[in-house]
Protein chains: 2
Amino acid sequence: MTLTDLRYLVALARERHFGHAAERCNVSQPTLSVAIKKLEDELAVTLFERSAADVKITDIGARIVAQAEKVLLEAGQIKELATAGRDPLSGPLKLGVIYTIGPYLLPHLIPRVHAAAPSMPLLIQENYTVRLAESLKRGDLDVIVVALPFEEPGIVTQAVYDEPFRVLMPAGHAWEQEASISAKRLAEAPLLLLGAGNCFRDQVLEVCPLCRSGEGLQRTLEGSSLETIRHMVATGAGITVLPSSAADPLPDGNPLLTVRPFEAPEPFRRIALAWRVTYPRSGAIDVIRSAILGSPLPGVRPVTR
Amino acid sequence: MTLTDLRYLVALARERHFGHAAERCNVSQPTLSVAIKKLEDELAVTLFERSAADVKITDIGARIVAQAEKVLLEAGQIKELATAGRDPLSGPLKLGVIYTIGPYLLPHLIPRVHAAAPSMPLLIQENYTVRLAESLKRGDLDVIVVALPFEEPGIVTQAVYDEPFRVLMPAGHAWEQEASISAKRLAEAPLLLLGAGNCFRDQVLEVCPLCRSGEGLQRTLEGSSLETIRHMVATGAGITVLPSSAADPLPDGNPLLTVRPFEAPEPFRRIALAWRVTYPRSGAIDVIRSAILGSPLPGVRPVTR
DNA sequence: AGCAACGATAGTGATTAACTATACAACGCT
DNA sequence: AGCGTTGTATAGTTAATCACTATCGTTGCT
């Protein structure tokens, strides 16, 4: 029993004439005859009473035809679903973002994605890189925004932008006089850092290896966020390092904080999109990338590669 | 897209492993791989993300799988319907009976059919032979009980029993003294007859050709029934001829009527079943035939042919 | 009786669906 | 880092199926 057979069946039930039904199905009359006979054999019931005068459907035949129509209707729905789902920009996209990007990127990203793909709602999760990676591989997320390096089997990454680091200090700090800060000198100051698990913490420590050993000068704030650290810096608890997207908007109207760039070579992080190699909605990813690059993130440099 | 493809699809969705799904479908892994790919091409959507680690279903894939399950469920119902309808003794049987048999046969027939085939309710129609024939050919009836001769294209008949005719007269009638009546003498008496269209009327006139011409002696009662005629005979309005099944039960406890057989050769009618050659429920016909022969119809002789 | 209409059957070719064997990709392990 | 393992895709072949044309058989009609 195939869907084609069922189509022949309902056509014959409607036409009550093998020739006409065959014509309507764009097949020859013998084709339809054989198909109906095969169906009858398979079901072991007589569906039609054939005679020269006309074709009569049996009681059981009528019931089976009604059911066949239901099957064909439901089968048609599959094509409808496929057509509706063909657009990569339709249906929700599960997006993951690391903590040190989310608050600065998402307010710009969300309206831009909505404008570009109105029928693609974003389901957003903020988390650590490792958690995002797990969710991505498991299929709980479709695309994630992380900092490089990020190497995972089965995952492809695409760099989107580079973002320089900035030094954030309380207004009136001694370094305020300098136009740029050398990375080495971070070890001299009480440096406020995010807790373990935040990739940005590791990247900062990489910038200033001395900070790792120069204990006492550095304070790790477990379970905290860049925003919390920013407030602590404002109260004079120490200095910190922020990505430009978080640091550069600050001084405007915030008299308690001062931002300074690093001396060249400026340390930076490279932000990338990552998704499963097998993920089929590449169009959706393009939209995300464009929306990120279209967001006003101060200091960032697009990676054109 | 075939039902087989859909079965492969839901199997893969359940197993999330091409090999296992193939095994469950009793096909090879490449068969399943190719079928899924073909489906994806046809629908122009990616249903699964394949990777070495595992097989993930896409959003659209999950929706389509759900729909495919619905289709398969409905398709399964077709087989259920066929199985249920395979029994020729299940489902209603549309039975037609001529007026001159119905009242005498049906009270016996109905309980016997119900006992032999409890799930085959009888939908009964009484009518003239010609009307029954039309309905039978049109499919409004499945089987009819008529008197022979009955020849119709596309209709087969099977004789069931012969039924002798009887003379019915009021008690005290002159012929009461005789053991049997000669058919010729019917023309002498006021003969009450059914209206045109009743085959039994024609058969009686055939028994006694003189009655046709010997006008005045005969009265046609349009729109009447044998039962009405019986009552008229009881009131002395004339005599009549009845089939034995209608006549023989009468004298018991009816002092107003007398029944006499005809002289040999006894005139009789042959009662038969008729159905479309194409009618598939021969088992149902057998049940009807057996039930008729099992009914206590006085005077009838089964036709064993 | 012959004809016309219609469905069934026979025979043939093309498509498809299944198989086995094997290639290819990705991951994990020593 | 190479190698084995696991898992899916591909190649090539065979068998089954589907649909065609041609024709037959039946039935009802003129």
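Below, chains carry the letters A, B, ... as their sequence lines are ordered, and counting in each starts from 1. Just so it is clear, the model here is predicted, and its values are computed rather than measured. Below, each value reflects all heavy atoms present in this structure, side chains not excepted, and no hydrogens, waters or symmetry copies.
Contacts of B/K70 classified as side-chain contact (heavy atoms from CB on, under 4.5 Å), with partners at least two apart in sequence or in another chain: A/E74, B/Q67. Residues forming a salt bridge (charged side-chain N to carboxylate O under 4.0 Å, His left out) with B/E42 (at least two apart in sequence, or on another chain): A/K79. Annotation: salt bridge (charged side-chain N to carboxylate O under 4.0 Å, His left out) contacts of B/D162 (sequence neighbours excluded): B/R270. For the ring-ring contact (aromatic ring centres under 6.0 Å, His included) test, residues two or more places apart in sequence or in another chain that qualify with B/Y99 are B/Y128. For A/D202, there are no salt bridge (charged side-chain N to carboxylate O under 4.0 Å, His left out) partners at least two apart in sequence or on another chain. By the salt bridge (charged side-chain N to carboxylate O under 4.0 Å, His left out) test, B/E126 pairs with no residue at all, sequence neighbours left out.
Checking A/H20 against A/K37, the closest nucleotide of DNA chain C that is more toward the 5' end is the one next to A/H20.
Each salt bridge (charged side-chain N to carboxylate O under 4.0 Å, His left out) pair with one or both residues in residues 9-22 of chain A, not counting sequence neighbours, appears once here: A/R14-A/E69, A/E15-A/R24.
Across residues 40-50 of chain B, B/R50 each have a non-hydrogen atom less than 4.0 Å from an atom of DNA chain D (numbered order).
Reading DNA chain C from its 5' end, the first and the last nucleotide to sit under 4.0 Å from a heavy atom of chain B are C/dA17 to C/dA26.
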Show the atom names and distances, to 0.1 Å, of all donor-acceptor pairs under 3.5 Å that link a side chain in residues 142-154 of chain B to residues at least two apart or in another chain.
| residue | atom | partner | partner atom | Å |
| --- | --- | --- | --- | --- |
| B/D142 | OD2 | B/K94 | N | 3.0 |
| B/E152 | OE1 | B/K137 | NZ | 2.8 |

Please table the atom pairs, donor to acceptor, closer than 3.5 Å between any side-chain atom in residues 1-9 of chain B and protein atoms at least two apart or in another chain.
| residue | atom | partner | partner atom | Å |
| --- | --- | --- | --- | --- |
| B/T2 | OG1 | B/T4 | N | 3.2 |
| B/T2 | OG1 | B/D5 | N | 3.1 |
| B/T2 | OG1 | B/D5 | OD2 | 3.4 |
| B/D5 | OD2 | B/T2 | N | 3.1 |
| B/D5 | OD2 | B/K38 | NZ | 2.9 |

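Counted within 6.0 Å of CD on A/Q29, heavy atoms from surrounding residues, nucleotides or ligands total more than 12; the atom is thus considered enclosed.
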(request) Going 5' to 3' through nucleotides 15-27 of chain D, assign each nucleotide B (protein heavy atom under 4.0 Å from a base atom), S (under 4.0 Å only from sugar-phosphate atoms) or - (no protein heavy atom that close). (result) ---SSBBB----S

